[in-house]
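So you know, we letter chains A, B, ... as the sequences are listed, proteins then strands, and number each from 1. This structure is a prediction, so every number in the text was calculated from the model and none was measured.
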Protein chains: 2
Amino acid sequence: MADDLFKALADPTRRTILDELAEQSGQTLFEICSRLSMKHRLGISRQGVSQHLAVLEAAGLVETRREGRYKFHDLNTAPLRQITERWPAPAPSGPEESPS
Amino acid sequence: MADDLFKALADPTRRTILDELAEQSGQTLFEICSRLSMKHRLGISRQGVSQHLAVLEAAGLVETRREGRYKFHDLNTAPLRQITERWPAPAPSGPEESPS
DNA sequence: AGGATAGGCAAGTGTCCGCTTGCCTATCAA
DNA sequence: TTGATAGGCAAGCGGACACTTGCCTATCCT
């Protein structure tokens, strides 16, 4: 379950894709391809990007909607919360309200 | 930079180690080894765990302090923040104070 | 219909990485 | 000093994964 999330985040190209979708949501596969190529100088094939998107979708980080022959991709940051929830920041050492 | 962080989180055994250090900080290599073996039924060699700890330390997620022949390991959750900072939650759609 | 565009499936390849094995160093106790 | 404990270094192996290539399906436009 969480395995898919961390595996998806492990690849730098996939993280760049998330960056692009954060900047502009609803991009198609070809748009993402050209952005990776132009902005980030990433020489990667269309199928490579498609496979990355599949991994991101399996992790719940990307959601897709189909319209005709277009498939739009949207970022979903919700799964990222379980990371900081799993290893929460330590309780502050200063004086605190006792919640008992 | 962030590369080390995500790579460190990518492995399930390393995430379990973080769990153990979150539960009890300041464990030695041998303590972590026996916990992985007993609690989690993970058959892994001492060197395997040692290598995992090195990766976690390179990512800043684990800090170590040496005392005599013992080396204690502590969890540091601070690097996790850059994840949620990189892809922040979308602005709420409800009525909001205009910050202009 | 037919071409063009947007995307998908599957097999093959090279590389990185998790893990083990074997040996070495350092600190402590008897 | 000798043995035991805690940890480190380096080479080697096997599997997972990112990426490519080649071909196929679906939708749109003229």
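If you find the closest nucleotide of DNA chain D to B:Q27 and to B:Q51, the one lying nearer the 5' end belongs to B:Q27. In this structure, A:D11 and A:G68 both approach DNA chain D, and ranking their closest nucleotides by distance from the 5' end singles out A:D11. Each of A:F30 and B:V49 was assigned the nucleotide of DNA chain C with the nearest heavy atom; the assignment lying further toward the 5' end belongs to A:F30.
Counting heavy-atom neighbours within 6.0 Å of B:R86 CZ, excluding the residue itself, gives a total above 12.
Contact annotation: B:K71 side-chain N/O to C:dA26 OP1/OP2 distance is not under 4.0 Å. Side-chain nitrogen and oxygen atoms of A:S50 include none within less than 4.0 Å of the OP1 or OP2 phosphate oxygen of C:dC9. The shortest distance between the side-chain N/O atoms of A:H52 and the OP1/OP2 oxygens of D:dC19 is below 4.0 Å. Distances shown here put a side-chain N or O of B:S45 below 4.0 Å from the OP1 or OP2 atom of C:dT20.
Straight-line distance from the NE2 atom of B:H73 to the C1' atom of D:dG8: 12 Å, rounded to whole Å. Atom-to-atom, CZ of B:R69 to C1' of C:dT25 comes out at 14 Å; the value is rounded to the nearest Å. One can place CZ of A:R65 at 12 Å from P of C:dG7, the figure rounded to the nearest angstrom. If you take CZ of A:R46 and P of D:dT20, they are 12 Å apart, rounded to a whole angstrom. Protein atom OH of B:Y70 is 10 Å distant from nucleotide atom P of D:dT5, rounded to whole Å. For B:F72 and D:dG7, the CZ to P distance is 8 Å, given to the nearest whole Å. When the P atom of D:dA16 is taken as reference, atom CG of A:D3 falls 13 Å away, rounded to whole Å. As a whole-Å value, the separation of A:I17 CD1 from D:dC19 C1' is 13 Å.
If you check distances only, the side chain of B:Q47 never reaches the base of D:dG7 with a donor-acceptor pair under 3.5 Å. Checked by distance alone, B:R14 brings no side-chain donor or acceptor within 3.5 Å of a matching partner on the base of C:dG18. Not a single donor-acceptor contact under 3.5 angstrom links the side-chain atoms of B:E67 to the base of C:dT27. A donor and an acceptor atom never sit less than 3.5 Å apart when one is taken from the side chain of B:R66 and the other from the base of D:dG7.
Put simply, the side chain of A:Q27 gets close to the backbone of A:Q24: a donor and an acceptor are under 3.5 Å apart. Distance alone, capped at 3.5 Å, places no donor-acceptor pair between the A:R14 side chain and the A:H52 backbone.
Looking at B:E23 and B:K39, a side-chain N of the basic residue comes within less than 4.0 Å of a carboxylate O on the acidic one, giving a salt bridge.
Relative to the side chain of A:K7, the nucleotides C:dC19, D:dG7, D:dC17 differ in distance, and D:dC17 lies closest.
A side-chain contact (heavy atoms from CB on, under 4.5 Å) with B:L21 is found for exactly one of B:L56, B:L61, B:I32, namely B:I32.
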